[in-house]
Amino acid sequence: MTFCKEGDLLLKVKKSRFDESYIVYDPTDFSKHTHIQQQGVAYVVKRNVERNLLPKTNSIWLLHSHIRVATDKDYIDMVQAKIDSLK
């Protein structure tokens, strides 16, 4: 069982009603969401952002997806630094 501190970001994943993609979103602020084509990748994004893990991917698009759903400024800066190093 997972225990969360108050203020921890818990994201959700749902299947889109309009296409075959999955949506990773913050249930308290839907403006923080991103569309992912594969369910497994959607859950990886969810896990990475919730645990502040640096993504292994070199896909700039997927790295931006992490930023779109993140709220932690330090995490956003870390992912942005990886994006900058890939350009």
Practice task
Using a cut-off of 6.0 Å, state whether more than 12 heavy atoms not belonging to Q80 lie near its atom CD.
Solution key: yes
Problem - Side chain proximity check, I76 to H66, heavy atoms < 4.5 angstrom - result: no
Problem - Within residues 10-31 or reaching into it, pairs that qualify as ring-ring contact (aromatic ring centres under 6.0 Å, His included) - sequence neighbours excluded - result: Y25-F30, F30-H33
Practice task
Locate the shortest heavy-atom distance separating E50 from L11; write the atom from each residue and the value.
Solution key: OE2-N, 2.8 Å
Fill in the blank from the handout: What one should report as the nearest heavy-atom pair of W61 and I36 is CH2-CD1, 4.0 Å
Handout entry: Heavy-atom closest contact (S31 atom, D29 atom, distance)
Key = OG-OD1, 2.5 Å
Completion exercise
Between the CZ atom in R17 and the CD1 atom in I23, the distance rounded to the nearest 0.5 Å is 8.5 Å
Handout entry: Side chain proximity check, V44 to T57, heavy atoms < 4.5 angstrom
Key = no
Problem - Gap separating the CZ atom of R47 from the CG atom of L53, nearest 0.5 angstrom - result: 6.0 Å
Fill in the blank from the handout: Correct closest heavy-atom pair for V24 and A42 would be CG2-O, 3.6 Å
Problem - From D72 atom CG to D77 atom CG, the distance as rounded to the nearest 0.5 Å - result: 9.0 Å
Exercise for the section: Check K32 against A70 and note the closest heavy-atom contact, atom names and distance. Expected result: NZ-O, 3.0 Å
Fill in the blank from the handout: Rounded to the nearest 0.5 Å, the NZ atom of K82 sits from the CG atom of L63 at a distance of 6.0 Å
Fill in the blank from the handout: From the list Q39, K15, Q37, side-chain hydrogen bond (donor to acceptor under 3.5 Å, both in side chains) partner of E20 resolves to K15
Completion exercise
Heavy-atom closest pair (S65 atom, R68 atom, distance to 0.1 Å) is OG-NH2, 2.7 Å
Problem - Spacing of NE2 belonging to H64 relative to OG1 belonging to T34, to within rounding of 0.5 Å - result: 11.0 Å
